[in-house]
There are 2 protein chains.
Amino acid sequence: MTSKQEFIEKLRNSSLRPTKQRINICEVLFNRDKTFHFTINDLFKLIKDKTGEKVSLATVYNTVHAFHKKGYLKEIPINSNQTYFDTNVTDHHHFFDVKEEKLIDLKNEDVGPIEIQKSIPGKKIKSVEVLVKLED
Amino acid sequence: MTSKQEFIEKLRNSSLRPTKQRINICEVLFNRDKTFHFTINDLFKLIKDKTGEKVSLATVYNTVHAFHKKGYLKEIPINSNQTYFDTNVTDHHHFFDVKEEKLIDLKNEDVGPIEIQKSIPGKKIKSVEVLVKLED
DNA sequence: TTCGTTGTTTATAATTATTCTAAAGAAGAT
DNA sequence: ATCTTCTTTAGAATAATTATAAACAACGAA
């Protein structure tokens with residue numbers, strides 16, 4: 001069980017006031033054992049299901065984006081009609097089951113080190129992400 | 001210079017009749033030396049610029065999707081407001097300059113072998129793609 | 001060539017994810 | 001308490017993509 005104080009801290013760190021709505025969003029996002037892959041729409045529906053309270057879609061977008069900017073959420077690079085996020089912000093990779101539109105975590109050690117032997121002058125590497133698409 | 005016959009062949013292989021519009025799309029897509037990264041909108045504008053003839057947006061979408069399905073174009077997994085495609089369909093990876101929204105090819109040997117040491121029962125690997133995000 | 005069938009193009013409408021807006025309400029500091 | 005600033009919200013605006021259906025073009029058979 002993650003404490004409400006942690007949510008408040010996360011919110012304040014993201015320059016967001018801890019409101020009832022945002023705490024509810026945190027409950028759904030961070031009060032879990034396993035990593036959580038979601039779209040804004042998934043999250044929007046889950047909030048009502050889990051907390052019984054409705055939060056407007058705009059608030060969900062705002063809060064998720066603030067968390068993403070602060071590094072509490074990770075965006076998963078996938079071409080889909082919707083944007084996927086991940087509560088696991090550690091360095092890791094993904095399977096994407098194209099048919100079922102489902103994401104599966106790949107531990108870093110499941111992929112092994114990735115060496116980028118090319119560099120672009122004036123630019124540094126921000127992230128290295130592997131996407132493994134799966135088919136039947 | 002790629003010949004018109006090749007375009008017609010690509011179109012027929014994709015179950016598309018070789019029309020004037022589609023040949024024009026092929027001119028912009030495949031008549032080049034280097035790999036070409038583009039969005040549908042880029043392509044749409046380039047067709048008018050390069051061929052002097054307008055092709056409707058719907059036709060561009062249809063044709064690009066047919067080529068993608070057939071494997072003549074590759075979709076680049078990136079979260080952007082628009083979908084990026086690549087005329088280089090060989091196994092390779094990308095840099096993405098987040099600030100300039102620009103894609104840069106990474107040759108396969110620039111990345112080295114990627115070993116996926118996990119498998120999902122009943123599924124097989126369709127593709128393995130690395131996206132390296134760049135910042136200043 | 002001509003005709004009939006089937007596939008294609010196009011403008012436009014529909015759909016959908018995301019962002020914007022502005023008014024009403026809540027949080028925080030004094 | 002009160003004032004300022006931030007937040008929530010419904011709904012409108014935006015933008016990429018997909019669907020529609022009428023006019024048109026490619027193809028193949030006679």
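Chain naming here is simple, since letters A, B, ... match the order of the sequence lines and numbering starts at 1 in each.
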Worksheet item: Checking all strands, does B/T39 fall into the base, sugar-phosphate, or nothing category for heavy-atom contacts under 4.0 angstrom?
Response: nothing
Worksheet entry | Whole angstrom value for the distance that separates P of D/dC6 from CZ of A/R12 | 13 Å
Discussion item. Strictly below 4.0 Å: does A/Y61 bring a side-chain N or O up to OP1 or OP2 of C/dT19?
Written reply: no
Practice prompt. Could you work out which one of D/dA10, C/dT19, D/dT17 sits closest to the side chain of A/K54?
Written response: D/dA10
Worksheet, complete the sentence: note: A/H65, atom NE2; C/dT19, atom P; distance rounded to Å ~ 5 Å
Fill in: Whole-Å gap separating C1' (C/dT18) and CD (A/Q82)
10 Å
Practice prompt. Verify the contact: side-chain N or O of B/T83 to OP1 or OP2 of D/dT17, cut-off strictly under 4.0 Å; return yes or no.
Written response: yes
Practice prompt. Starting from P on C/dT16, measure out to CZ on A/F44 and report it in whole angstrom.
Written response: 16 Å
Discussion item. Ignoring hydrogens and geometry beyond distance, is a side-chain donor-acceptor pair present between B/N13 and B/Y72 at under 3.5 Å?
Written reply: yes
Item to complete: For B/L57 and for B/P18, find the nucleotide of DNA chain C with the closest heavy atom, then tell me which residue's nucleotide is more 5'.
Response: B/P18
Discussion item. Quick check for you: among C/dA27, D/dT9, C/dT9, whose closest atom lies nearest to any side-chain atom of A/R17?
Written reply: C/dA27
Worksheet item: So, for A/F85 and A/H68, is the gap between ring centers shorter than 6.0 Å?
Response: yes
Discussion item. So if I take every side-chain heavy atom of B/Q21 and compare against D/dT18, C/dT9, D/dT17, which nucleotide ends up nearest?
Written reply: C/dT9
Practice prompt. Answer with base, sugar-phosphate or nothing: what part of the nucleic acid does A/T59 contact at a heavy-atom distance below 4.0 Å?
Written response: base
Practice prompt. Please check the phosphate of C/dA26 (OP1 and OP2 only) for any side-chain N or O of A/R22 closer than 4.0 Å.
Written response: no
Worksheet item: Expressed in angstrom and rounded to an integer, what is the separation of A/N62 atom CG from D/dC6 atom C1'?
Response: 12 Å
Discussion item. Determine whether the aromatic ring centres of residues A/F38 and A/F44 are separated by less than 6.0 angstrom.
Written reply: no
Practice prompt. Using atom CG of B/D42 as one end and atom P of D/dT17 as the other, report the distance to the nearest whole Å.
Written response: 11 Å
Worksheet item: For the side chain of B/A58, counting heavy atoms from C-beta on, which of D/dT7, C/dT9, C/dT10 is nearest?
Response: C/dT10
Worksheet item: How close or far is atom C1' of D/dA25 from atom CD1 of B/I8, stated in whole angstroms?
Response: 15 Å
Discussion item. Could you check whether A/E27 pairs with A/K50 (Lys NZ or Arg NE/NH1/NH2 to Asp/Glu carboxylate O, under 4.0 Å)?
Written reply: no
Discussion item. From the set D/dT9, C/dG28, C/dG7, return the single nucleotide nearest to any side-chain atom of A/V55.
Written reply: D/dT9
Discussion item. Whole angstroms only, please: what is the CG-P distance between A/N81 and C/dA14?
Written reply: 21 Å
Worksheet item: Does the distance from a Lys or Arg side-chain N to an Asp or Glu carboxylate O, for B/E100 and A/K123, drop under 4.0 Å?
Response: yes
Worksheet item: Does A/T19 have a side-chain nitrogen or oxygen under 4.0 Å from the phosphate oxygens OP1 or OP2 of D/dC6?
Response: no
